[in-house]
Trainee: 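Right, I'll just put the structure down here and ask away after.
Numbers here are sequence positions counted from 1.
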Amino acid sequence: QVQLVESGGGLVQAGGSLRLSCAASGRSFSSYTMGWFRQAPGKEREFVARIYWSSGTILYADSVKGRFTISRDNSKNTVYLQMSSLRPEDTAVYYCAASRIATTSPNLYNYWGQGTQVTVSS
């Protein structure tokens, strides 16, 4: 049974930092792309960052470039999203997902976590 479990969300003031974790289990993700997405109330789910598990190739959305860092720990089967210089507009539910292809489209991700809330106060 494939599971992606996010953790690390919370409430933080603008300018602060949070680190999200996504623990993956149930299969090998070595050939998968792991992505982070977010969804704010009333908005569509949007791409944040992705990493190809085996090579570490990374892509960021322009809105988070320079502030967020995606990484993975192969020994722990965990993907991280380090978020710094947070802004109120970063407030959303953040989701971890896995795809068999390198894509930014949420429709092409096969597995999803339950999401973790990030709230940035001004």
Side-chain angles (χ1 to χ4, degrees):
Q1 180 182 353
V2 174
Q3 274 196 316
L4 301 176
V5 180
E6 302 99 334
S7 62
L11 173 64
V12 64
Q13 288 188 332
S17 300
L18 280 175
R19 188 178 80 157
L20 306 183
S21 300
C22 172
S25 63
R27 65 163 299 126
S28 170
F29 288 93
S30 60
S31 61
Y32 277 67
T33 292
M34 304 300 294
W36 284 98
F37 292 81
R38 65 188 182 186
Q39 189 166 19
K43 294 188 177 181
E44 293 188 352
R45 193 166 297 189
E46 66 170 351
F47 167 75
V48 174
R50 73 172 197 226
I51 184 168
Y52 186 58
W53 198 292
S54 60
S55 69
T57 304
I58 288 170
L59 181 70
Y60 295 101
D62 288 343
S63 58
V64 306
K65 204 173 294 183
R67 300 187 298 122
F68 290 12
T69 302
I70 188 171
S71 62
R72 86 267 193 244
D73 185 331
N74 291 342
S75 66
K76 296 182 179 179
N77 241 25
T78 299
V79 177
Y80 302 97
L81 185 68
Q82 177 68 47
M83 307 185 294
S84 303
S85 301
L86 282 162
R87 304 167 180 167
E89 54 264 39
D90 294 318
T91 295
V93 177
Y94 282 71
Y95 297 90
C96 172
S99 173
R100 296 183 183 91
I101 62 174
T103 178
T104 61
S105 171
N107 295 330
L108 298 177
Y109 278 74
N110 309 97
Y111 305 106
W112 289 86
Q114 81 288 353
T116 186
Q117 176 70 47
V118 171
T119 303
V120 184
S121 64
S122 57

Trainee: Does V12 share a hydrophobic cluster with Y94, counting links as ILVMFWY side-chain heavy atoms below 4.5 Å and allowing steps through other members?
Mentor: yes

Trainee: With sequence neighbours left out, what residues match R50 under salt bridge (Lys or Arg N to Asp or Glu O under 4.0 Å)?
Mentor: none

Trainee: Please find the pair of heavy atoms, one from A98 and one from M34, that lie closest to each other, and give the distance.
Mentor: CB-SD, 3.6 Å

Trainee: What's the spacing between S31 OG and Y52 OH if we round to 0.5 Å?
Mentor: 5.5 Å

Trainee: Under the side chain to side chain donor-acceptor pair (under 3.5 Å) test, which residues partner R67, sequence neighbours left out?
Mentor: D90

Trainee: Hey, could you give me the CZ/CD1 distance between F68 and I58, rounded to the nearest 0.5 Å?
Mentor: 14.5 Å

Trainee: At what distance, to the nearest 0.5 angstrom, does CG of L86 lie from OG1 of T119?
Mentor: 10.5 Å

Trainee: Taking all atoms of both residues into account, what is the closest heavy-atom pair of R45 and P106, and its distance?
Mentor: O-CG, 4.3 Å

Trainee: How close do A92 and A40 get, counting heavy atoms only, and between which atoms?
Mentor: CB-N, 3.8 Å

Trainee: Does any non-hydrogen side-chain atom of R38 lie less than 4.5 Å from one of L81?
Mentor: no

Trainee: Are V2 and L108 joined in one hydrophobic group, where the rule is that I, L, V, M, F, W and Y side chains link up if heavy atoms are under 4.5 Å apart?
Mentor: no

Trainee: May I ask whether V120 and V48 are part of the same hydrophobic cluster, defined by side-chain heavy atoms of I, L, V, M, F, W, Y residues being less than 4.5 angstrom apart, directly or through others?
Mentor: yes

Trainee: Answer yes if L20 and Y80 sit in the same cluster of Ile, Leu, Val, Met, Phe, Trp and Tyr residues linked by side chain heavy atoms under 4.5 Å apart, and no otherwise.
Mentor: no

Trainee: Are any side-chain N or O atoms of Q114 and backbone N or O atoms of E6, one a donor and one an acceptor, separated by less than 3.5 Å?
Mentor: yes

Trainee: Tell me, please, which residues at least two apart from T57 pass side chain to side chain donor-acceptor pair (under 3.5 Å).
Mentor: S55

Trainee: Applying salt bridge (Lys or Arg N to Asp or Glu O under 4.0 Å), can you list everything that pairs with E89, at least two apart in sequence or on another chain?
Mentor: none

Trainee: Taking all heavy atoms of D73 and all of S75, pick out the closest pair and write down the distance.
Mentor: OD1-OG, 2.5 Å

Trainee: Could you list all the side chain to side chain donor-acceptor pair (under 3.5 Å) pairs where at least one residue sits in residues 20-29, not counting sequence neighbours?
Mentor: S28-S30

Trainee: Any salt bridge (charged side-chain N to carboxylate O under 4.0 Å, His left out) involving residues 99-122? Give me the pairs, sequence neighbours left out, ordered by first then second residue.
Mentor: none

Trainee: My understanding is that only residues two or more places apart in sequence, or in another chain, count here; which of them pass side chain to side chain donor-acceptor pair (under 3.5 Å) with N74?
Mentor: W53

Trainee: Just verifying a value: how many Å separate L11 CG and Q117 CD, rounded to the nearest 0.5 Å?
Mentor: 9.5 Å

Trainee: Return the set of residues passing salt bridge (Lys or Arg N to Asp or Glu O under 4.0 Å) with K65 (not counting sequence neighbours), or none when no residue passes.
Mentor: D62

Trainee: If you look only at pairs with a residue in residues 7-35, which of them pass as a ring pair (Phe, Tyr, Trp, His ring centres under 6.0 Å), with sequence neighbours excluded?
Mentor: F29-Y32

Trainee: For Y60, enumerate each residue passing the side chain to side chain donor-acceptor pair (under 3.5 Å) test, keeping only those at least two apart in sequence or located in another chain.
Mentor: none

Trainee: I need the Q82 CD to I70 CD1 distance, nearest 0.5 Å.
Mentor: 12.0 Å

Trainee: Taking only residues at least two apart or on different chains, which pairs with a member in residues 45-119 satisfy disulfide (SG to SG under 2.5 Å)?
Mentor: C22-C96

Trainee: Which ILVMFWY residues can you reach from W112 by hopping between side chains whose heavy atoms are under 4.5 Å apart?
Mentor: F37, F47, L59, V93, Y95, Y109

Trainee: At what distance, to the nearest 0.5 angstrom, does CD of Q3 lie from CG of N77?
Mentor: 12.5 Å

